[in-house]
Participant: 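One structure, pasted below without further comment.
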There are 2 protein chains.
Amino acid sequence: MPRKRAELEREEKVEEILEHAVRLVRAGGYEELSINRVAKDLGLARAAVYWYFPSRADLFVAACERVFAEMFAGPPSDGGAIGRIRWGVDRLDGVCEIYLALQQLSATEQVAATLLADIHQRFQRGLREALAPTVEPERLERVVDAVLIFAEGLLGRRLPHEERDRHLEFALAALLGDER
Amino acid sequence: MPRKRAELEREEKVEEILEHAVRLVRAGGYEELSINRVAKDLGLARAAVYWYFPSRADLFVAACERVFAEMFAGPPSDGGAIGRIRWGVDRLDGVCEIYLALQQLSATEQVAATLLADIHQRFQRGLREALAPTVEPERLERVVDAVLIFAEGLLGRRLPHEERDRHLEFALAALLGDER
DNA sequence: ACCTGAACACCGTTCAAGT
DNA sequence: ACCTGAACACCGTTCAAGT
């Protein structure tokens, strides 16, 4: 379908705002992202931003969408199940503040809740793949959920890498059934 | 030690502010607690509040201290290990938003981090007591940590009571060793 | 010691007015 | 369609000035 020139220009502007929003969010989560800041940095009036994004929350969620898309775009790890999961938790830890902010926002903002549900599904798919060879089929779905919930719990702790790994390894051993 | 009249009056004022802060925090977490709101409701100038609490974060943490003290003051459950843990998660869920806000604040505010560490310790003590009869001593400490981390992960999900219990039960069965 | 009023430097959002 | 400037209703914090 052929695009009108006006549509292209609009998309460029959206792109410009979104890119800057991603930069701010990466730097300091939801707190650092303010409509005022975006407008000032881009040389716009504050109100102009609202022509492209209906609210701060919407802009944040749009930026999150980008951040998490890039996170999932990375190459899948090649280790065993535990190696892959550790790698996933590492990736998630890299956007820890953003994830927790999105989680918090999802309590009041539908867009945030929708994106979060989507992210959950993608993690669940990855976990299912990683764990399918090791876990009995009838336990698989519940183990997947449990691992994800535990990983989210770990995230909130903001532990040093090493300690985080210790907890993760222990929980995985228990959840995957530690008869080896 | 005998108290001076001035000291008593000061404590009464602190008490008044703190009580109102607790009310606001209970109603809507960190977001709902604003210095302006406290001042207006109590008929003070905004700046006056700073005579008793150095910042909004400090006032929030002081209010949290109250909320969690009351939470721990409740009667200990009488069920088995799993019953007691379920009961604890229930209590924690009752102050879910406050707990998550405190967790978030603990990333930047020392007072918050200190209180959170204290709360962790109290939960760990409770869990240790509940699990000591069921879990081998050398695994106990790590199981305690894992259960608490899992519970925190559950908290962030804001699931309906029933679904939360399902996940908790599954994780506990795995972590406590499900050979029964 | 305690409190006020004003100020500073921010917010998100709305809206009439311009181009 | 896109953008501005001003306005509204908030924030947290500081500080000189009062009692």
Side-chain angles (χ1 to χ4, degrees), chain A residues 3-18 20-21 23-25 27-64 101-102 104-112, chain B residues 3-18 20-21 23-25 27-64 101-102 104-112:
Chain A
R3 279 277 172 59
K4 284 183 214 145
R5 180 149 149 61
E7 269 177 33
L8 276 173
E9 268 171 21
R10 181 169 231 278
E11 256 165 57
E12 272 166 33
K13 201 89 195 188
V14 166
E15 183 58 31
E16 192 193 356
I17 293 172
L18 202 45
H20 196 66
R23 201 191 331 268
L24 292 175
V25 162
Y30 192 49
E31 261 176 51
E32 208 64 21
L33 176 70
S34 87
I35 299 286
N36 279 6
R37 182 74 198 280
V38 169
K40 198 194 277 186
D41 292 350
L42 263 45
L44 289 168
R46 305 134 79 114
V49 180
Y50 288 89
W51 190 256
Y52 301 98
F53 293 93
S55 74
R56 178 160 93 113
D58 282 87
L59 180 54
F60 176 70
V61 171
C64 283
L102 185 65
Q104 173 149 307
L105 203 62
S106 76
T108 55
E109 299 283 336
Q110 249 302 320
V111 261
Chain B
R3 279 277 173 58
K4 283 184 215 142
R5 182 150 149 60
E7 269 177 32
L8 276 173
E9 267 170 21
R10 179 169 232 278
E11 257 166 57
E12 273 166 31
K13 201 88 196 188
V14 166
E15 182 61 30
E16 192 193 356
I17 293 171
L18 203 45
H20 196 66
R23 203 193 329 271
L24 292 176
V25 163
Y30 192 49
E31 261 177 52
E32 207 64 21
L33 176 70
S34 87
I35 300 285
N36 279 5
R37 181 74 198 279
V38 169
K40 198 194 277 187
D41 291 351
L42 264 45
L44 289 168
R46 304 134 79 115
V49 179
Y50 287 89
W51 191 257
Y52 301 98
F53 294 92
S55 73
R56 176 160 93 114
D58 283 87
L59 180 54
F60 176 70
V61 171
C64 283
L102 184 66
Q104 173 150 308
L105 203 61
S106 76
T108 54
E109 300 283 335
Q110 248 302 321
V111 261

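Letters A, B, ... are given to chains in the order of the sequence lines, protein chains preceding strands, and every chain is numbered from 1. Computed over heavy atoms, backbone and side chain alike; hydrogens, waters and symmetry mates excluded.
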Participant: Could you tell me the separation between the CD atom of A:Glu12 and the P atom of D:dC2, rounded to a whole number of Å?
Facilitator: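 The answer, rounded to whole Å, is 12 Å.
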Participant: Please give the nucleotide sitting opposite D:dC15 as a Watson-Crick or G-U wobble pair, both distances under 3.5 Å, or none.
Facilitator: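 In the structure as shown, D:dC15 has C:dG5 as its Watson-Crick or wobble partner.
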Participant: Looking at every strand, decide which applies to B:Phe53 at a 4.0 Å heavy-atom threshold: base, sugar-phosphate, or nothing.
Facilitator: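 Since no nucleic acid heavy atom lies under 4.0 Å of B:Phe53, the category is nothing.
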Participant: Mind checking whether A:Arg10 and A:Trp51 have side chains closer than 4.5 Å, heavy atoms only?
Facilitator: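 Heavy-atom side-chain distance check passes, below 4.5 Å.
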Participant: Can you tell me whether the side chain of B:Arg46 and the base of D:dG12 have a donor-acceptor pair closer than 3.5 Å?
Facilitator: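 Check passes, donor-acceptor contact within cut-off.
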Participant: Give the rounded distance in Å between these two atoms: CD1 of B:Ile35 and P of C:dC8.
Facilitator: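 Taking CD1 of B:Ile35 and P of C:dC8, I get 21 Å after rounding.
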Participant: In the structure I gave you, are the side-chain heavy atoms of A:Leu18 and A:Tyr52 within less than 4.5 Å of one another anywhere?
Facilitator: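 They are not in contact (no side-chain heavy atoms under 4.5 Å apart), so the answer is no.
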Participant: Atom CG of A:Leu44 and atom P of D:dC3: how far apart are they, to the nearest Å?
Facilitator: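 A:Leu44 atom CG is separated from D:dC3 atom P by 7 Å.
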Participant: Is it true that atom CD of A:Glu31 has more than 12 heavy atoms of other residues, nucleotides or ligands lying nearer than 6.0 Å?
Facilitator: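 Check fails, neighbour count at 12 or below.
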Participant: Taking the nucleotide of DNA chain D with the nearest heavy atom to each, does A:Trp51 or A:Ala47 sit closer to the 5' end?
Facilitator: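 By nearest-heavy-atom nucleotide position, the 5'-most residue is A:Trp51.
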Participant: Quick check: do A:Glu16 and A:Leu42 have side-chain heavy atoms less than 4.5 Å from each other?
Facilitator: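 Yes; the side chains approach each other to less than 4.5 Å.
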Participant: When you check the phosphate oxygens OP1 and OP2 of D:dC3, does a side-chain N or O of A:Tyr52 lie under 4.0 Å from one of them?
Facilitator: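 Answer yes for this pair, as a side-chain N or O of A:Tyr52 is under 4.0 Å from OP1 or OP2.
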Participant: To the nearest angstrom, how far is A:Lys40 atom NZ from C:dG12 atom P?
Facilitator: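 Interatomic distance, NZ of A:Lys40 to P of C:dG12: 12 Å.
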Participant: Which part of the nucleic acid, if any, lies within reach of B:Arg10 when heavy atoms closer than 4.0 Å are counted: base, sugar-phosphate only, or nothing?
Facilitator: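 Sugar-phosphate, no base atom in range.
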Participant: In whole Å, measure the gap between the C1' atoms of C:dC11 and D:dC8 for me.
Facilitator: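 Rounded to whole Å, the distance is 12 Å.
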Participant: Nearest whole angstrom, please: distance from the C1' of D:dC11 to the OH of B:Tyr30.
Facilitator: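 Spelled out: OH on B:Tyr30 to C1' on D:dC11 is 11 Å.
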Participant: Let me know the distance between CD of A:Glu32 and P of C:dG12, rounded to the nearest Å.
Facilitator: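 Atom CD in A:Glu32 sits about 11 Å away from atom P in C:dG12.
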Participant: Could you state the atom-to-atom distance from CG of B:Leu59 to P of D:dT13 in whole Å?
Facilitator: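 Rounded to whole Å, this separation is 10 Å.
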Participant: Just N and O in the side chain of B:Asn36: are any of them under 4.0 Å from OP1 or OP2 of D:dC10?
Facilitator: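 For B:Asn36, the contact criterion (side-chain N or O under 4.0 Å from OP1 or OP2 of D:dC10) is not met.
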Participant: Whole angstroms only, please: what is the CD-P distance between B:Glu16 and C:dC2?
Facilitator: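 To the nearest whole Å, that distance equals 14 Å.
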Participant: Just by modelled atom types, is the B:Ile35 backbone N or O under 3.5 Å from a matching donor or acceptor in the B:Arg46 side chain?
Facilitator: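 Not confirmed, B:Arg46 side chain does not pair with B:Ile35 backbone.
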Participant: Taking only side-chain nitrogens and oxygens of A:Lys13, does any of them come within less than 4.0 Å of OP1 or OP2 of D:dA1?
Facilitator: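 No, outside the criterion.
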